[in-house]
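Not measured: the values here are computed from a predicted model. One is the number of the first residue; the rest follow in order along the sequence.
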Amino acid sequence: GSAAVLGDVALSRAYDSSSKGYCSRANIVLIDPQGGEPQLIPESTACPKPPPPPNPFAGGVCDEYAWPNLDDHTVCGECRVLADMIGTRYMSCDEYCGSVSSAVGTDMTCTGAWEEVSDDCNVESTHSCDEQID
């Protein structure tokens, strides 16, 4: 077989928006002892998610950070969050609230549903809790 010598290792952390801000990539450079071009081999390794920012409503009625599928830890108000996968996993805010109830062990009831403007808390449109949201 052919032999390769590890010439240099550079570890850098790159943040990937498609995975909500956490991944790590190590670049390994292999140098053939016979000469030639160095070969860059990327390797991916998961790294822990960065800690969320402080919850601006901590100590209130709800523990929003305990709720499932928060979109980038976005809390829009007391017991009001930006949730991920409403249109694909939960289909409606009523279904999401049922999931929250199971996760926190307290009955939760939807009081309103909104579509956001751009992954933020700005309301684009208002919906009923049982309405299917895409």
Side-chain angles (χ1 to χ4, degrees):
S2 75
V5 175
L6 181 62
D8 189 17
V9 176
L11 178 62
S12 62
R13 183 162 287 178
Y15 293 98
D16 181 358
S17 62
S18 67
S19 64
K20 298 293 180 205
Y22 60 101
C23 71
S24 180
R25 292 193 175 93
N27 294 321
I28 299 173
V29 179
L30 296 178
I31 301 172
D32 188 323
Q34 307 300 318
E37 292 294 313
Q39 182 181 4
L40 178 66
I41 300 176
E43 291 185 3
S44 293
T45 309
C47 62
K49 223 178 195 181
N55 181 345
F57 299 94
V61 176
C62 297
D63 179 8
E64 295 87 1
Y65 279 1
W67 294 10
N69 299 104
L70 287 186
D71 191 347
D72 203 25
H73 293 91
T74 305
V75 178
C76 298
E78 182 65 44
C79 302
R80 185 175 173 187
V81 301
L82 187 61
D84 224 358
M85 301 190 317
I86 292 292
T88 57
R89 182 172 182 178
Y90 302 105
M91 306 313 279
S92 72
C93 288
D94 273 341
E95 287 187 33
Y96 178 73
C97 286
S99 177
V100 171
S101 295
S102 296
V104 299
T106 302
D107 284 335
M108 303 292 285
T109 304
C110 176
T111 59
W114 302 269
E115 183 63 39
E116 87 289 346
V117 174
S118 180
D119 278 343
D120 57 22
C121 295
N122 294 314
V123 176
E124 181 177 280
S125 56
T126 302
H127 303 271
S128 64
C129 291
D130 62 351
E131 187 175 346
Q132 184 171 340
I133 299 174
D134 294 326

- Query: Do Cys76 and Trp114 come close enough that some side-chain heavy atom pair is under 4.5 Å?
  - Reply: no
- Task: Hey, could you give me the CG/SG distance between Leu82 and Cys121, rounded to the nearest 0.5 Å?
- Result: 6.0 Å
- Message: It should be assessed whether the SG atoms of Cys110 and Cys97 lie less than 2.5 angstrom apart.
- Response: no
- Query: Are any of the side-chain heavy atoms of Glu131 and Ser92 separated by less than 4.5 Å?
  - Reply: no
- Check whether any side-chain N or O of Asp72 sits under 3.5 Å from a backbone N or O of Thr74 as a donor-acceptor pair, and report yes or no. no
- Roughly how far, to the nearest 0.5 Å, is the CD atom of Gln132 from the CE atom of Met91? 3.5 Å
- Query: Sub-3.5 Å donor-acceptor pair from the side chain of Thr106 to the main-chain atoms of Ser101, do we have one?
  - Reply: no
- Note on the structure: Between Tyr90 and Asp84, the two heavy atoms sitting closest are CE1-O, 3.9 Å
- Task: Please report the closest heavy-atom contact between Asp71 and Asp119, naming both atoms and the distance.
- Result: OD2-OD1, 3.2 Å
- Where Ser128 and Ala113 come nearest, the two heavy atoms and their spacing: O-CB, 3.8 Å
- Query: Can you find a pair of side-chain heavy atoms, one from Arg89 and one from Ser99, that are under 4.5 Å apart?
  - Reply: no
- Separation of Glu78 CD from Asn55 CG (nearest 0.5 Å): 8.0 Å
- Look only at the side chain of Glu64 and the backbone of Cys79, and say whether a donor-acceptor pair between them is shorter than 3.5 Å. yes
- So OG of Ser125 and CD of Glu116: to nearest 0.5 Å the spacing works out to 9.0 Å
- Within the distance-only criterion (no hydrogens, no angle test), does the side chain of Tyr65 pair as donor or acceptor with the backbone N or O of Leu70 below 3.5 angstrom? no
- Message: With rounding to the nearest 0.5 angstrom, report the CZ to SG distance, Arg80 to Cys62.
- Response: 13.0 Å
